[in-house]
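Take a look at the structure set out below.
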Amino acid sequence: MMKMEGGVFTFGAGGYGQLGHNSTSHEINPRKVFELMGSIVTQVACGRQHTSAFVPSSGRIYSFGLGGNGQLGTGSTSNRKSPFTVKGNWFSYNGQCPQDIDSEDYFCVKRIFSGGDQSFSHYSSPQTCGPADDFRCPDPSKQIWTVNEALIQKWLSYPSGRFPVEIANEIDGTFSSSGCLNGSFLAISNDDHYRTGTKFSGVDMNAARLLFHKLIQPDHPQISQQVAASLEKNLIPKLTSSLPDVEALRFYLTLPECPLMSDSNNFTTIAIPFGTALVNLEKAPLKVLENWWSVLEPPLFLKIVELFKEVVVHLLKLYKIGIPPSERRIFNSFLHTALKVLEILHRVNEKTGQLIQYDKFYIHEVQELIDIRNDYINWVQQQAYGVLADIPVTICTYPFVFDAQAKTTLLQTDAVLQMQMAIDQAHRQNVSSLFLPVIESVNPCLILVVRRENIVGDAMEVLRKTKNIDYKKPLKVIFVGEDAVDAGGVRKEFFLLIMRELLDPKYGMFQYYEDSRLIWFSDKTFEDSDLFHLIGVICGLAIYNFTIVDLHFPLALYKKLLKRKPSLDDLKELMPEVGRSMQQLLDYPEDDIEETFCLNFTITVENFGATEVKELIVNGADTAVNKQNRQEFVDAYVDYIFNKSVASLFDAFHAGFHKVCGGKVLLLFQPNELQAMVIGNTNYDWKELEKNTEYKGEYWAEHPTIKIFWEVFHELPLEKKKQFLLFLTGSDRIPILGMKSLKLVIQSTGGGESYLPVSHTCFNLLDLPKYTEKETLRCKLIQAIDHNEGFSLI
């Protein structure tokens with residue numbers, strides 16, 4: 001509504017006559033309120049669906065709009081499409097009160113108000129009343145301050161240490177009022193006001209950042225202190241969970257831009273109480289705030305995330321130093337608040353398709369500041385028994401803060417616990433068998449006895465008979481005819497050999513793509529689903545037993561294992577040329593897609609030398625691809641390659657994998673992290689390997705043999721270095737945690753220079769004879785790593 005001297009103009013929704021122009025139509029442009037034209041209107045008050053106006057010359061109040069609850073004051077409950085006088089003996093104020101007027105019968109209006117479905121009038125008698133409030137002439141003393149360039153410049157103009165009281169009061173008044181901050185930093189637009197609504201905040205975030213940083217400066221500590229005190233003592237303690245309007249949420253968006261929020265000295269006094277108010281918001285205002293966050297520029301969104309990550313790290317550091325028992329409850333409350341804010345931000349990030357990368361939520365310091373294994377056990381207890389007062393907040397409740405290293409520790413902890421439970425159950429059953437001979441003794445390990453020449457058949461035979469609970473036992477592998485004890489190395493070679501065999505083209509289980517050098521399930525295989533189930537079990541056992549395996553699958557496999565949908569990016573990885581064609585189709589700017597691409601909703605596949613056409617949708621052959629449905633075509637194509645064509649085969653693989661390795665902890669991983677868990681990675685850092693190597697016996701880092709060993713090693717080509725890793729560890733890839741987690745041990749042996757180096761794969765241990773010549777060492781090392789299969793006791 002817009003008020004003018006001489007009358008009132010109204011515009012907007014008018015379905016109940018609240019616009020006062022004798023109709024119920026909506027008005028986009030201002031239109032005169034007919035009955036009030038020619039009158040000076042000094043006050044206008046709007047309720048939910050009715051309006052009141054005050055004319056001082058007559059002292060009368062006029063009302064119009066919805067009147068079903070009597071809010072128009074006309075003596076009835078009817079609606080009014082045009083202004084009508086509110087009943088009452090209203091008296092105009094003209095500075096003099098006639099003596100013959102009985103003040104008890106007449107009222108002099110001071111101010112009018114309209115609520116949702118109510119109206120109010122503040123009045124006094126004619127003899128005592130002064131002039132009514134005139135909304136056309138605002139009283140500067142009653143206006144709010146807004147943070148702007150001019151005001152900040154005024155505050156900064158005073159030298160530090162000579163700060164007038166009135167300036168301190170201005171700063172305090174501004175930063176003690178949510179209204180002042182909500183009215184600041186607005187992105188003014190003539191077309192759509194401030195665009196404030198449930199989707200847009202109407203705030204100029206860049207202006208907020210610049211002005212806050214200009215205000216909070218080391219050269220003006222008094223200003224910073226006053227702002228901090230006002231926020232801490234006056235503004236934040238008054239925040240409520242229910243807000244009158246979306247505009248009251250603006251400062252939740254802008255305040256994190258204030259440098260005081262990121263000062264660790266203010267974490268417990270400002271940042272955490274602010275976070276508490278945010279977390280306690282009712283569902284509706286919190287939803288609006290989430291909408292505003294979702295359209296922020298990524299750096300601005302990241303700033304809020306980084307703020308509360310810093311708060312979490314600060315609190316965890318305090319906890320590690322030591323928190324008095326009397327303060328643990330409040331500490332837990334603080335930590336819970338900071339993590340809860342991050343949880344809300346993470347939810348927003350996921351809904352928007354990752355405004356920032358998921359790893360921006362990782363708190364890498366977690367591994368150093370808490371005992372993750374103990375945290376996991378507490379979390380499991382909370383899941384079973386509920387949150388107990390003496391148990392601190394568990395970080396496992398907020399898994400998005402864990403990086404790959406922390407998640408790996410969690411997965412290993414979970415596996416160790418399950419292994420121990422399986423072992424304990426086996427021991428209990430064995431104890432029972434002493435007294436009940438009918439009960440067979442149970443091995444506490446899952447034992448695989450296999451022949452090298454029939455590794456697939458033997459493994460299938462054992463695993464087919466294995467009970468689900470036995471998959472949770474530690475795996476031990478025995479190669480028939482070999483006397484090595486499996487302390488890890490035999491198991492590593494088993495996984496290497498069986499996966500090499502299963503992926504052999506002779507089985508025809510997987511299709512190899514030359515361009516990407518990757519494999520995917522083949523829908524033309526004659527093998528039954530048992531083999532795919534076995535591969536799933538093998539992959540699950542590898543993760544469960546902390547062993548990496550050689551699998552050349554695209555990332556799409558790990559997405560599907562984690563219940564994520566493959567996308568066009570996955571098609572580009574597996575089939576680069578097809579993926580590029582699909583992207584060209586989506587990017588084509590012209591309308592003549594049908595004529596240019598000549599596509600319909602089908603896919604042509606080869607089937608033993610013949611071509612076969614598959615429909616991607618019902619009546620796909622009769623449905624041409626055009627500009628409107630091209631995205632649908634690409635989605636259907638991707639779905640066919642990764643889902644429909646291989647559904648039964650992948651289902652068997654999925655069932656086998658999750659039989660061993662399923663659970664809540666696995667779902668914490670991102671697809672690329674799970675991929676690194678299964679196959680390791682190739683982020684080789686050979687200097688890091690040398691740095692982390694330990695020495696035994698006569699060797700130390702500066703021993704002549706050790707010095708020439710590393711000279712030879714660093715001169716080897718990449719493939720030979722990878723062969724050395726295979727020779728030493730059982731895999732040519734490195735664990736998800738990188739080279740720093742790969743500990744190599746070199747010890748001296750009593751043999752002479754005619755002996756070869758020997759690896760103890762179980763322990764990453766290398767027996768290195770005391771060679772004195774560099775070329776001799778090179779020759780013997782290459783000879784050893786070129787013949788690295790088979791085990792015997794050394």
Side-chain angles (χ1 to χ4, degrees), residues 133 138-186 188 194 196 201-245 247-278 280-281 285 289 303-304 307 311 334 337:
D133 291 340
D139 181 357
S141 66
K142 297 180 180 179
Q143 304 305 303
I144 66 169
W145 288 294
T146 58
V147 181
N148 55 64
E149 181 78 29
L151 191 62
I152 289 177
Q153 199 59 49
K154 173 185 172 183
W155 295 343
L156 294 175
S157 64
Y158 291 91
S160 179
R162 299 176 59 186
F163 215 51
V165 174
E166 59 269 21
I167 298 299
N169 291 337
E170 276 190 11
I171 296 173
D172 181 53
T174 303
F175 285 91
S176 295
S177 166
S178 59
C180 291
L181 293 180
N182 285 325
S184 302
F185 322 118
L186 301 183
I188 299 176
Y194 302 118
T196 301
S201 65
V203 171
D204 185 341
M205 292 297 294
N206 288 325
R209 183 180 68 257
L210 292 172
L211 290 175
F212 271 131
H213 279 266
K214 187 169 186 177
L215 177 64
I216 307 301
Q217 297 183 15
D219 294 340
H220 293 81
Q222 282 183 297
I223 293 180
S224 298
Q225 292 167 8
Q226 183 60 66
V227 171
S230 300
L231 293 174
E232 175 189 347
K233 298 176 182 178
N234 297 326
L235 175 62
I236 295 177
K238 296 176 183 177
L239 299 178
T240 62
S241 59
S242 178
L243 300 173
D245 189 83
E247 295 184 3
L249 282 166
R250 288 181 183 140
F251 86 95
Y252 280 100
L253 206 60
T254 57
L255 198 57
E257 290 294 328
C258 180
L260 291 173
M261 294 282 283
S262 301
D263 185 341
S264 60
N265 294 318
N266 298 322
F267 281 169
T268 58
T269 56
I270 298 178
I272 294 174
F274 173 79
T276 301
L278 192 156
N280 289 336
L281 284 173
L289 185 58
K303 183 177 181 65
I304 308 173
L307 166 61
V311 172
F334 285 173
T337 293

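Note: hydrogens, waters and symmetry copies are ignored here, and every other heavy atom, side chains too, is used. As the structure is a prediction and not an experimental result, all values here were calculated from the model.
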**Study point:** Stepwise side-chain contact (heavy atoms from CB on, under 4.5 Å) check, L151 with T146
**Key:** CA-CA 8 Å; L151 191 62; T146 58; over 6 Å; no
Check your understanding: Side chains of N265 and D263: donor-acceptor distance under 3.5 Å anywhere?
Key -> yes
Check your understanding: Taking all atoms of both residues into account, what is the closest heavy-atom pair of S241 and N280, and its distance?
Key -> CB-O, 3.0 Å
Exercise for review: Could you tell me whether a side-chain N or O of D172 sits under 3.5 Å from a main-chain N or O of A168, the two making a donor and an acceptor?
Suggested key: no
Point to revise | Closest non-hydrogen atom pair, M261 against P256 | key: CG-CA, 4.2 Å
Review point. Can you tell if the side chain of N266 reaches within under 4.5 Å of the side chain of L231, non-hydrogen atoms only?
Key: no
Review point. Is any side-chain heavy atom of L181 closer than 4.5 Å to a side-chain heavy atom of R250?
Key: no
Review point. Under the side-chain contact (heavy atoms from CB on, under 4.5 Å) criterion, do E149 and K214 qualify, and how do the steps go?
Key: CA-CA 9 Å; E149 181 78 29; K214 187 169 186 177; 2.2 Å; yes
Point to revise | Sidechain-backbone polar pair: S262 side chain, C258 backbone, donor-acceptor under 3.5 Å | key: no
Exercise for review: To the nearest 0.5 Å, tell me how far I152 CD1 sits from S157 OG.
Suggested key: 12.0 Å
Revision key, fill the gap. CG (L249) and CG (N182) are apart, to the nearest 0.5 Å, by 8.0 Å
Exercise for review: Report yes if some heavy atom in the side chain of L260 is under 4.5 Å from a heavy atom in the side chain of S224; otherwise report no.
Suggested key: yes
Check your understanding: Should we say atom NZ of K233 is surrounded by more than 12 heavy atoms from elsewhere, each under 6.0 Å from it?
Key -> no
Point to revise | Atom pair CD (E247) and OG (S178), whose distance is rounded to the nearest 0.5 Å | key: 12.0 Å
Check your understanding: Is there side-chain contact between L210 and E257, with heavy atoms separated by less than 4.5 Å?
Key -> no
Point to revise | Within-4.5 Å side-chain heavy-atom neighbours: L243 and T240 | key: yes
Review point. How about I167 and K154: do any of their side-chain heavy atoms sit closer than 4.5 Å?
Key: yes
Check your understanding: Cut-off 3.5 Å, side chains only: do N234 and S230 have a donor facing an acceptor?
Key -> no
Check your understanding: Would you say S177 and L235 make side-chain contact, with heavy atoms under 4.5 Å?
Key -> no
Exercise for review: Can you run down the ring-ring contact (aromatic ring centres under 6.0 Å, His included) pairs that involve residues 248-275, sequence neighbours left out, and say none if there aren't any?
Suggested key: Y252-F274, F267-H314
Exercise for review: Could you pull out the closest heavy-atom pair between I272 and T337, with the gap in Å?
Suggested key: O-CG2, 3.7 Å
Review point. What are the two closest non-hydrogen atoms of L253 and M205, and how far apart are they?
Key: O-CE, 3.4 Å
Check your understanding: Does the side chain of P259 reach to within under 4.5 Å of the side chain of H213, using non-hydrogen atoms?
Key -> yes
Practice item. Would you name the heavy atoms of W155 and I223 that are closest together and state the gap between them? Key: O-CD1, 3.9 Å
Point to revise | Value rounded to 0.5 Å, distance of CZ in F185 from OG1 in T254 | key: 5.5 Å
Practice item. Determine, step by step, whether E232 and T269 satisfy the side-chain contact (heavy atoms from CB on, under 4.5 Å) criterion, reporting the C-alpha distance in whole Å, the side-chain angles of both residues, the deciding distance to 0.1 Å, and the verdict. Key: CA-CA 6 Å; E232 175 189 347; T269 56; 3.7 Å; yes
Practice item. Starting from the C-alpha separation in whole Å, work towards a yes-or-no answer on side-chain contact (heavy atoms from CB on, under 4.5 Å) for I270 and I236. Key: CA-CA 8 Å; I270 298 178; I236 295 177; 3.8 Å; yes
